[in-house]
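Here's the structure, in C-alpha cells; my notes come after.
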Amino acid sequence: MTPQSSFMVAAPIDPRRDADLRRLLASMNHSPGRVDVNNALIPFREFDALHFARVFVIDDTTQDDIRAHGLPPRNHPSYLAFLGDVDGDGDDFLREVAARAPAGLRELFSCCAGFDPDADLVPWMKRHSTPPAANYVNWRGRTVRRVREDAALYDALERYIDDNASALADLPPREVHARAKAFVAAERSAGRLTLTPEPPTPPGRSFANLLHLLGIPLLLLVASPALIVVGAIVLLRVRSLEKRDPELCQRVDQAHSDALALIEDRDVTNQFSALGAVKPGLARLWTLSFVLLVIDYMARHVYVRGRLARVRTIHFARWVWLDNRRRVIFLSNYDASLEGYMDDFINKAGFGLNIAFSNGIGYPRTNWLALDGCRDERKFKEYLRRHQLPTQVWYKAYPGLTAVDLERNALIRKGVDAASLDESEARTWMSLL
Amino acid sequence: MNARRVDYDDTQGLVRFGYGGLTEACYVLARVRNAAAARAWLRAAPVTNAVALDQAPPTALQIAFTAPGLEALGVPRAVIDAFSHEFVSGMTEPSRSRRLGDIGVDAPSRWIWGAPAGTPHLVAMFFARPGQLDGFMKRLMAAGWYDAFEKEQRLPTGDLDQREPFGFADGISQPEIDWDQTRDPVAARIEYGNVVALGEFLLGYRNEYGKYTDRPLLDAGEASAGLPAAEDAPDKRDVGRNGTYVVMRQLRQDVRGFWDFLLAQVQGDLAKAETLAAAMVGRMRNGDPLVPTRARRVEGSERKAEAVGRNEFDFDDDPSGVRCPIGAHIRRANPRNADFVGRPTGLARLIAMLGFGQRGFRDDLTSSVRFHRILRRGREYGEQFSPADALKPAPPDDRERGLHFICLNANISRQFEFLQNAWTMNAKFATLSGENDPLVGNREAVAAGAVDGRFTIPRDGRVRESVSGLPQFVTTRGGAYFFLPGLRALRYFAADGRR
C-alpha cells in the first residue's frame, strides 16, 4: 500500500510583482479554468505520483470582517500557494519537482517577497511549507497509477461486453466473470492492459500509523481530567458567544461570483479554495484546534474508504492554518457543481461543517456549535461563496473521472484479481459493468 | 409555526392550477416599447388569481417578468438586484449554460427567442376554453397592448390530451404543495413523500429548510404601500410574497427521429420499440411506471385519485435498476428518495449521519429529492404523432413538435438548475458513467464528462444490455427566467410616479 501525502508551499507575494504573477499563472492555462498539463512552468502531466495540484493567489477580500468584532483589520499579506496531493512522501515530490521544473518554479517564486534567485529551491520550499491541520484522502492507498489502470480496465471490459453482447447475453454471472477474466488475461499478455500488483507498504509506515491510531486517544485519555474541565468551560463560553457573534452573509458581489463561475464546471470535478479568519478569543481557537485534530484523526483512521461521513464526492480536502492560527484556508477537490456540493454538505454533513466552520468570522448562527448554522441555506451559500478564492491554476490527473467512478473501477478490479467468485459475488460484480 | 394562510387572491392562479380545462393557450413574449403605456396596460390587465371557483373561469391571464423587463418598467435597480442571483443574471449567463447543458446545438446563440441580445421583458400567458382564445387575446390587446409592447413573439400551444409529443402520458408526477403549512419541514424525512413546503413554490413562506428565500424587502413607505408585510421581517414590505419564479424553455422534440431510431433498434417491431421507449422513460405510454405501485404509501400522492396508481411508488426495491433502469427519464427527474437510506430511526439514524449506515456501492449517492422538486406547468405544441406514423414517410409539411416547458420554483438554482445539472444532464448520475437522460439529454460532453449516446438497461442476473448511438431527441430553442409576481407586487411594478 502506497500512502498519500500532501504538500503546500505558501510565500508572501511581493506586491510589485502581483501583476506579473497573475500573467504567469494565466500562462499555465489553455483558457481560464483549463490547465495546460504540459505548460512550460510546471508540466504537471510528467509527475506520475501527482493526483491534484493548484497554484493560486491567497488574497483575503474579507479582512475587514473582523471590524464586526470591534477589532481593526490585521492586513495579512497575500500569498502565492503551490500545493498538491501525491503518492508517497511530500518532500520527495518537492525534490522531484525542483529537479524537473527548476526554471518554472524560480520564475513563479521570484514574485514572492525576499526570494533569492540563487537560493536552493528545495530548502526554500520546505521553509515555506505549511502542513495541513486536517487532511482527508478519499481512498487511502489508491495511487494515480492504480486509478489509471483501473479506468483502462473498466473501459476495456465495457468494450468487451458491447462487442460480445449476444454471446454473453444468456450466460450466468460466474461464466461472464470467467470469460471476462480470460479476456483480461489475453489483453495483458498482448500488452494492452497493465495491472500492477499492490506495492508493499513502506517500512515503518504501518507502525507509525498504529502509533498515531492509539497515541492520540491515549494522550486525550491522559489529559482527560484537564480536558473535561477546560472543555466544559470552553463549550459554555462558545455557547454564549454563538448567540451574539455577528453573521456576515451578505449577498456576494456579482463580479466576484462571475469570476469564480468562469473557471468552474470545466471537468466533472471542481476545485474549491476558501479563506476565513478565526473568530477572536481563545475559546474559538481552542475549539477549532480540537475539532481539526478530531477531523484529521477520523480522516486518517476511519474515513479512509470513499466516504467523509456521508459525503462521497470529495477526492482530497484539507484545512490549513495561516498566519499563526489567525486564518484558516480550506481546500478541496469535489465532484459535480458547487450548488450540489453545498447541498451535500448541508444535508449530509451539516453538523461537521458547523463545528468546523462556525469558528470563522461571520458564519451563520449555530446552536450548540453543531446545529442550525448551514441549515440557513441562503446565508450559508452566500457565506461560502463570499469566502471562496479563484483558484487560478488547477490540475487533476484523471479528468472525467469522479470519486464514485474510481470506487466502481476499483471494485471491478478486485473482482478481476479474485481467482473465482461465488454466485452472489459474481452477480454483484457483473452489475457494476 | 406562525404561518398565516395563503392569500389566494394575491397569488396568480398558475401556482395552484394547471388550467387543464382551458385547453387553448398562447404564450406571448414581448419587450416594453413605452414604459408608461406598459404600466397602464398592466394595471388594467385582468390577471387571474388562485381563488378556487365552483367552475373554472372561461379564460385566464398570467403575467411574469424577466429582470430586464422589471428594469424596463422602471423598477429600481436595487429592488431587482435583491431577487435571486439566477433571476438577475438570467438563463443565458455563460457558466450557467455550461451547467444546464445549453451548449453545442442547444447554445443560446442559436435560440429563436431568449438569446442574450433579445431577452423578452415579459410573458403574458393566455388560456381559454375551446374557441375562445382568439377573442380573449384580441379584446385584451385592443386595450393599448400595441402602444405598450413591441417585438412580440407568440408561442402557440396544442392540446395533445395529456400526452407529450413523444406519445407518453405527461404531468403525472407533481409535488403536492403544503398550502396549509401543516408539515414540519425541518424534521428529517426518512420516507419519500410528495408533500413539499409552500416556500419551495412561493416566495415569502418557509421552505424545506424552514427558511425564507431571497427576495426584495422594502422599507414601509409611500412607494411600498399596498405590498404585503414580510413574514420574517414584519416592519418590511415583501415584493416577493405570493410570487414565484417561472422557468420557461421551448424544447423541440424530434418525435419522428425518436420512433425511427427505436424501430431501427428492434427491426421495425412496433411492440418492441414501445418496450424500449418505456425503459428510456421509466413508464409505459399510458403512464404506468415500470416498478410496482402501492408497495408502500407515498404521503401526498393520494390527493389526486387518478394519479395514485401511477404515483405511489419509489425505487427502493429496485436498487440496481433491473425493473426501471437507473438512467430512465423519470428516475433521473425524480429519484424518489428521502433524507436517509433505509429509513433509520433513533440510534441507527445517528450512525447513518456519521456515515456508517448502509454503505453499499449504490447507496446514498443521490441528494434528497424534497429539496429539488419543481411544479410543471408546460404545454405541448405541434401536431399529434403516433409511433405507427414513423413507419410511413414524412409528409412534406411535417411541422416542428415539442414542449413549452414551464416550471415554477422559489429557488431556481436549488430546484430547476440542480435537477437539470445534477440529474438529467449529468453523465455521472447515480453510478452511471458516460450517459445522460436518454430522452431529453443533449449528447454533448458536459464538463468533460464524455457522453457517448449510451443507455444502459440492467438485467436481473444477466449482463446488462445497452443501446448506443442515441441521437439527440430534444433541442432547446429558447428560454428565460421570469418572476411571476403576486397581484399586489404586480400593482407595485405597474404603479406610476412612485420611484
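Labels below follow one simple rule: chain letters A, B, ... track the order of the sequence lines, proteins then strands, and each chain is numbered from 1.
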If one checks every heavy atom of B/Ser368 against chain A at 4.5 Å, the contacting part turns out to be neither

Under 4.5 Å to a heavy atom of chain B? For A/Glu423 that would be neither

If one checks every heavy atom of B/Asp364 against chain A at 4.5 Å, the contacting part turns out to be both

In terms of heavy-atom pairs under 4.5 Å with chain B, the winner among A/Val252, A/Val176, A/Asp258, A/Leu308 is A/Val252

Per-residue tally against chain B (heavy atom, under 4.5 Å) across A/Met430, A/Arg427, A/Glu382, A/Arg312 peaks at A/Arg312

Okay, B/Asn411 and chain A: the region with an atom under 4.5 Å from a heavy atom over there is side chain

Highest number of heavy-atom pairs under 4.5 Å with chain B among A/Met298, A/Glu264, A/Gln254, A/Glu158 belongs to A/Glu158

Looking only at B/Arg462, B/Glu417, B/His372, B/Met353, the option with the highest number of non-hydrogen pairs under 4.5 Å against chain A is B/Arg462

In the structure I gave you, are the side-chain heavy atoms of B/Arg98 and A/Arg266 within less than 4.5 Å of one another anywhere? yes

Cut-off 4.5 Å, heavy atoms of chain A, and the answer for B/Ala188 is neither

Answer key: most heavy-atom pairs under 4.5 Å with chain A among B/Phe371, B/Phe361, B/Phe418 is B/Phe361

- Query: Can you say whether the rings of A/Tyr303 and B/Phe356 are parallel (under 30°), tilted (30 to 60°) or perpendicular (over 60°)?
  - Reply: parallel

Given B/Ser466, B/Ser367, B/Ser413, B/Ala422, the one with more heavy-atom pairs under 4.5 angstrom with chain A than any other is B/Ser413

One should read off an interatomic distance between A/Phe272 CZ and A/Leu338 CG, to the nearest 0.5 angstrom, of 6.0 Å

Practice task
Indicate whether the side chain of A/Asn138 and that of A/Arg142 have a donor and an acceptor atom separated by less than 3.5 Å.
Solution key: yes

The interface call for A/Arg408 against chain B, heavy-atom contacts under 4.5 Å, is both

Main-chain N/O of A/Arg365 paired to A/Asp376 side chain as donor or acceptor, under 3.5 Å
no

CD (A/Glu407) and CG (B/Leu365) are apart, to the nearest 0.5 Å, by 8.0 Å

Look at the rings of A/Tyr395 and A/Phe44 and say which category their plane angle falls in: under 30° parallel, 30 to 60° tilted, over 60° perpendicular.
parallel

Of the listed A/Gly350, A/Ala169, A/Ala165, the one with the largest count of heavy-atom pairs under 4.5 Å with chain B is A/Ala169

Exercise for review: Look at the side chain of A/Thr269 and the backbone N and O of A/Asn333, then say whether any donor-acceptor pair between them is shorter than 3.5 Å.
Suggested key: no

Residue from B/Arg359, B/Glu465, B/Arg459 scoring the most non-hydrogen pairs under 4.5 Å with chain A is B/Arg359

Okay, A/Lys381 and chain B: the region with an atom under 4.5 Å from a heavy atom over there is side chain

Applying a strict 4.5 Å limit to non-hydrogen atoms, the region of B/Val186 in contact with chain A is backbone

Whatever's closer than 4.5 Å to a heavy atom in chain B on A/Arg307 counts as side chain

The interface call for A/Asp405 against chain B, heavy-atom contacts under 4.5 Å, is side chain

| Counting only N and O atoms by type, is there a donor-acceptor contact under 3.5 Å from the side chain of B/Gln358 to the main-chain atoms of B/Asp363? | no

Looking only at A/Leu171, A/Thr402, A/Asp344, the option with the highest number of non-hydrogen pairs under 4.5 Å against chain B is A/Leu171

ask   = Any side-chain heavy-atom pair from B/Ser433 and A/Tyr154 closer than 4.5 angstrom?
value = yes

Whatever's closer than 4.5 Å to a heavy atom in chain B on A/Val311 counts as neither

Applying a strict 4.5 Å limit to non-hydrogen atoms, the region of A/Leu168 in contact with chain B is both

Most contact-rich option vs chain B, by heavy-atom pairs under 4.5 angstrom, among A/Ala336, A/Ser337, A/Ala426, is A/Ser337

* **Check: B/Arg206 side chain, B/Lys211 main-chain N or O, donor-acceptor pair, under 3.5 Å** => no

* Asked: Could you walk me through whether A/Tyr363 and A/Cys374 pass the side-chain contact (heavy atoms from CB on, under 4.5 Å) check?
  -> CA-CA 8 Å; A/Tyr363 191 83; A/Cys374 65; 3.4 Å; yes

dist B/Asn207:CG -> B/Tyr212:OH (nearest 0.5 Å) comes out at 9.5 Å

